[in-house]
Amino acid sequence: MERDSLACRTGTKKKESAMRQGLASILFVMLASLAWAASASDVVRVSVPGQPAWQADRQAVAALPHTEVTAKAHDEPPATWRGVSLAEVLKRAGLPLEKLRGRALAQYVRVTAADHYQVVFGLGELDPTLGNANVLLVDERDGKPLSEDGPFRLLVPADARPARWVRNVTTIEVLDGAASP
Ligand SMILES: Nc1nc2c(c(=O)[nH]1)N[C@H]1C(S)=C(S)[C@@H](COP(=O)(O)O)O[C@H]1N2
Ligand SMILES: [Mo]
């Protein structure tokens, strides 16, 4: 009899703890989706040494001079993309380009996506008076704003593979790659 009621009590406790665990996982999912919603905002953060970070939204990027390219990833049909050169974005964020020399040429640009995919470019490669590489921050494909890959995607038309065509760009940073002697 006593053992039965003990078993019964443990049963209730087990149920209670299962319920608590259930509630905890629901709460976790809710908090995780809130955090995701906060991170998936429609801005790209551009940070340049010595300048306040620039949070550029769709409108701010749309206001910069655009160029158009036709390019295709893998077996997709070719698309018409419109975007702003990465050098222009950096200039707008306050980076003095075109007079790069010495230590400044040890800088690199790191582009980060919402899924933490990252690629880098040497700053000298992007400088219009040096490498002048065509690297675009695109915001339009076939006349429409980017949807699931956007709002911003990187496009490197000259690349033989689209591995640096970073989808869902969230951050563009100029960083110092110099090593001390
Ligand atoms: N954010 C993000 N961008 C990414 C990737 C990724 O994993 N995450 N993969 C890259 C690779 S390896 C390729 S081949 C292309 C594929 O682009 P597609 O899906 O438009 O064909 O996206 C690139 N951009
Ligand atoms: Mo890839």
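Whatever order the structure lists ligands and atoms in, that order sets their numbers, starting from 1. Below, all heavy atoms of this structure are taken into account, side chains as well, without hydrogens, waters or symmetry copies.
- Between the side chain of K72 and the main chain of H74, a donor-acceptor pair closer than 3.5 Å is present.
- In this structure, D57 contributes its side chain and A60 its backbone to a donor-acceptor pair below 3.5 Å.
- T112 is listed as a side-chain neighbour of E173, based on a closest heavy-atom distance under 4.5 Å.
- At distances below 3.5 Å, at least one donor-acceptor pair connects side-chain atoms of D127 with backbone N or O atoms of E98.
- Sorted by chain and number, the heavy-atom contacts of ligand 1 below 4.0 Å come from A73, H74, E76, A113, D115, Y117, R153, P162, A163, W165, V166, R167.
- For D139 (side chain) and G83 (main-chain N/O), no donor-acceptor pair under 3.5 Å exists by modelled atom type.
- Side-chain atoms of R153 come within 3.5 Å of backbone N or O of W165 as a donor-acceptor pair.
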